[in-house]
Amino acid sequence: MFSKILIANRGEIACRVAATARRLGIRSVAVYSDADAHARHVAACDEAWRLGPAAARESYLRGDLILDIARRTGAQAIHPGYGFLSENEAFARAVEQAGLVFVGPPADAIAAMGSKSAAKALMERAGVPLVPGYHGNDQDPVLLAREAARIGFPVLIKASAGGGGKGMRIVERPEQFDAMLASCKREAANAFGDDAVLIERYVTRPRHIEIQVFADRHGHCVHLFERDCSVQRRHQKVLEEAPAPGMTEARRLAMGEAAVAAARAVGYVGAGTVEFIAEQSGRFHFMEMNTRLQVEHPVTEMITGFDLVEWQLRVAAGEPLPAAQSSLRIRGHALEARIYAENPERNFLPSIGTLHHLRTPAATAFTHLAEGRAAGAGHDEPAPVRIDSGVRAGDTITPFYDPMIAKLIVWGRDRDHALARMTQALAAFEVVGPATNVAFLLRLVGCEAFAHADLDTGLIERERATLLPAPAKPSLIERAIAAAAVLAGEIEEAAASDRASGHCDPWNRRDGWRASGWLRRSMPFAAAGQPCPVDVEYAPAGWTVRDGDESTCIASLRWSPAERRLRGLVGERAFEVGVVLDGETLHLFTADGPLTLGYAPPLAHVGEEAADESRLTAPMPGKVIGLLVEPGAQVTRGQALLVMEAMKMEHTISAPADGKVAAIRFAVGEQVAEGAQLVDFVPRG
C-alpha cells in the first residue's frame, strides 16, 4: 500500500479521499488555488501546496504543476477525484510516465470511453445495447440535420467529449435543430475544448440508471449494483438512490452483466460507472461510461457496506478486489441529495456568497462505514445520516467552481424509511448566505411522483407547479413565529445590556408596559418583495399578533443564543425554530423547512426594481459569449438577446416584452459582474 498520495482535487471529494487515506495510515497532500487557500480540504490533508490563481485553467487543470508537487513531496500516487483531470487521458499518461500511480483506469481505457461516439461504436461490437443514433466523425451541420431527420424527432444532441449535463440539447422539431446545434457546439467547446457532437433518439420518459463497476489488474471485474439518477435539472443530477425502485432481479442481472462486459471491452481497472437510459418498459440502452468515481458513490457504499475509495487505493496498489461478485449483497435503501448554492426560482442559477451560518443535521462525517473492518468483510448497518462536504461556516461559495455545499446521504431499512429520514434531515439543514435548493429538495422528496417512485428525467419539469410554486404570502402563524423571533432577540439584547452594565435599567425594559396602557406596534415583514406586516399587542402574559381580522397569541418564549433556537407557543401549538437575522433578512428554520422574511421597510420595495422592464441585468458573474441581436433591433417578448457563460453553463438573456434594443453594453468575451446592466431595452408603448 502507498505511504503518501496527492489528491488532485478540491472540495468535498478531496475531503472524502483524505478521510479514507487517514484511516488507512496514508499521508495525503492537498493542492489548492488562491481561492481555496483556507479551504476545508487544505486542513483535511497532512500537507498542502499552492497551485496558482483561482481560475481552474491556471490551477486545478495544470497537470504539470500537480506532477511537480507530487515529485517534490514524495507522493507515490495521485488520486484525481472527479471532474478536473480525472478523465484526462494525457494527464493519466503523464502520471504513469513520471513513475507514479494514477488512481484510476489505464490511459487507454480513458481514451476509449472519452469520446462518446467512439465508446458507442466499441459497445456495439461488445454486444451492449445502444440507443439508435449517429456517432460518426463527420460534423457537417447539413449531415447532422439529415441524420436527425433519419433518427426521428425528438432527438438529443450531446457533446461527444461531454459530461455533467453540459453540451446537451433536446430538439423537439426540425426547425429548432440548427440553433440548438450551434448552442450545443459552443457550450461544448467552452467546457471541453471540443465541439464534436453525437445525435440520438430521445427516449420519452427515460430513467437514468447507472451500474457501479470495479476491476483489478488480476482479471477480476464485478458490479456493485445500480443507482437511479433520474431526478435531474438541466441534465444534472439532483437526487440519487440505490437500489433503483422497481428493479427486478432479472433486469439487475442483465444490466450488471452488460456493465461488466463494457468494462472488460476496454481493459478497465479501478472504479467506473456504466450509465444506461432505461425505458419505462424496462428496456435499457448504453449511454456512456464515466471512467472515475461518481459524485453519487456514497449511496452504493451505504447499501453494500464497502468503502469505494479504499477499493480504489487497494486496486491501484496492485491488490486484487476485496470481494467477489457472489459475496456482494444489497442491504436497505439509500438516498443522496445534493445541497447546492443555487436559486431554483431563477432557473437554478448558481448563487455565490459567504456562508454566514451553516448547521447540518446530526450526522457522521465520512470516516468509515465500520471502523476497523477488513476491506472485504461485508455490511454493518451504516449511520442513518451521512454528510460529505468541503465547506464550513464562514467559507465563501465563489464563481470559480461547482457551487455544491454538501451531499446529504441517508440510509433506511427500505425506501419509505430512507425517504422519511431524508425529509427530516433536509428540514434540519440550515444555510444563511447564498441562496440554496434546500426548500426545493424538501418539496421534491415530498411530492407524490417521487414518493411513489414515478421516476423519469422529466420529473422536475413535469411537477414544476408543485416544486416551484408562485411565492405565497406567509400564513399568520408563520409571521407570528417571525414576530416571536424578533421579540426574543430584543429581550435578549436588553438582558445583555443589563448584564454588561451590572444593573437593571428600567428604561431598557422590553415588556411593552406604558403608563397609558400596553404597547401596540407594527412589524414590517416582507416576503418575495411584497409587504406582509403584522400588528403586535403586548400584554402581561404574552403578545397578540394581528393581520386584519385574523389574530393569534404567542407566549412562553425561550431563546437560546448559543444554539440560535427559539421555543414557545403560538396559540396552543408548541414550536421550535432556528433563527438567524442576517442584515435585514430574517431566516427561520422550521420542521417544514426554511422560511425567509424581510424585516426592514426598505425591503418592502424589493419588487419594484425587478419589475423595471428597461433593465436587463446579469444574473451572476460571468462572460458574454454571444450577441444575438444588434442595437436598434425590434424584438418580441421571449426573444433571445445575448448569451452569458458562467460556471461552464450557458445562460440566455431574453426580451421581457415586445420592444426595442436601444444599446448593448458589453462585447463578446467581456467579463460582467452580477447585477451589471447588459442591455438598454425600451418596451413597446
Side-chain angles (χ1 to χ4, degrees), residues 141 145 157 166-191 195 233-234 342-352 399 435 461 464-465 468 470-471 526 528-531 602-685:
I157 307 174
K166 300 177 181 67
M168 188 181 296
R169 300 290 186 275
I170 299 169
V171 187
E172 301 282 353
R173 300 183 303 277
E175 59 269 23
Q176 299 174 324
F177 186 82
D178 290 345
M180 291 285 198
L181 176 65
S183 176
C184 186
K185 280 181 165 288
R186 186 168 55 240
E187 187 171 279
N190 287 335
D195 72 350
R233 52 93 174 102
R234 287 183 157 186
E342 66 181 13
N343 194 329
E345 287 72 26
R346 297 178 68 189
N347 199 26
F348 299 96
L349 279 177
S351 180
I352 62 174
E461 193 59 36
R464 193 174 186 86
L468 296 167
Q530 299 300 316
L603 288 186
H605 305 291
V606 165
E608 293 179 5
E609 183 176 329
D612 183 356
E613 292 184 340
S614 67
R615 291 179 56 84
L616 287 169
T617 57
M620 62 181 301
K623 181 171 68 174
V624 175
I625 62 171
L627 299 179
L628 307 180
V629 295
E630 298 285 341
Q634 295 289 335
V635 297
T636 57
R637 179 184 179 88
Q639 183 174 339
L641 306 180
L642 63 81
V643 182
M644 285 182 58
E645 191 268 341
M647 293 186 177
K648 297 184 179 179
M649 296 294 290
E650 286 193 6
H651 307 280
T652 301
I653 307 299
S654 302
D658 295 351
K660 176 183 176 182
V661 175
I664 297 175
R665 299 196 176 195
F666 294 90
V668 171
E670 287 192 276
Q671 293 285 338
V672 296
E674 181 176 4
Q677 185 159 345
L678 303 171
V679 177
D680 292 342
F681 181 77
V682 181
R684 191 168 298 159

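Note that the numbering runs from 1 along the sequence shown for the chain. This one's a predicted model, so the numbers in the text were calculated from it and none came from an experiment.
- Taking both residues in full, the closest heavy atoms of F681 and A655 are given as CE1-CB, 4.1 Å, listed atom of the first, atom of the second, then distance.
- Remark: side-chain polar atoms of N343 are paired, donor with acceptor, to backbone N or O of E345 under 3.5 angstrom.
- Around CD of E630, the count of heavy atoms belonging to other residues, nucleotides or ligands within 6.0 Å does not exceed 12.
- Counting heavy atoms from C-beta outward, R169 and Q176 have side chains that stay 4.5 Å or more apart.
- No side-chain donor-acceptor contact under 3.5 Å links D195 to the backbone of R186.
- Here CG of D178 is found 12.5 Å from OG of S183. Values are rounded to the nearest 0.5 Å.
- Using modelled atom types, one side-chain atom of R637 and one backbone atom of P656 make a donor-acceptor pair closer than 3.5 Å.
- Expressed to the nearest 0.5 Å, how far CZ of R346 lies from CG of L468 amounts to 14.0 Å.
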Exercise for review: List the steps, then state whether side-chain contact (heavy atoms from CB on, under 4.5 Å) holds for R665 with D680.
Suggested key: CA-CA 8 Å; R665 299 196 176 195; D680 292 342; 3.0 Å; yes

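- Scanning all heavy atoms of the two residues, the minimum distance from S351 to A435 falls at OG-N, 3.0 Å.
- Shown are V635, L628, T652, I664; of these, the side-chain contact (heavy atoms from CB on, under 4.5 Å) with L641 is made only by V635.
- In terms of heavy-atom proximity, I157 sits nearest to F177 at CD1-CE1, 3.7 Å.
- For the pair V672 and A618, the tightest heavy-atom approach, listed with the atom from each and the gap, is CG2-CB, 4.0 Å.
- A distance of 11.0 Å separates CE in M644 from NZ in K623, rounded to the nearest 0.5 Å.
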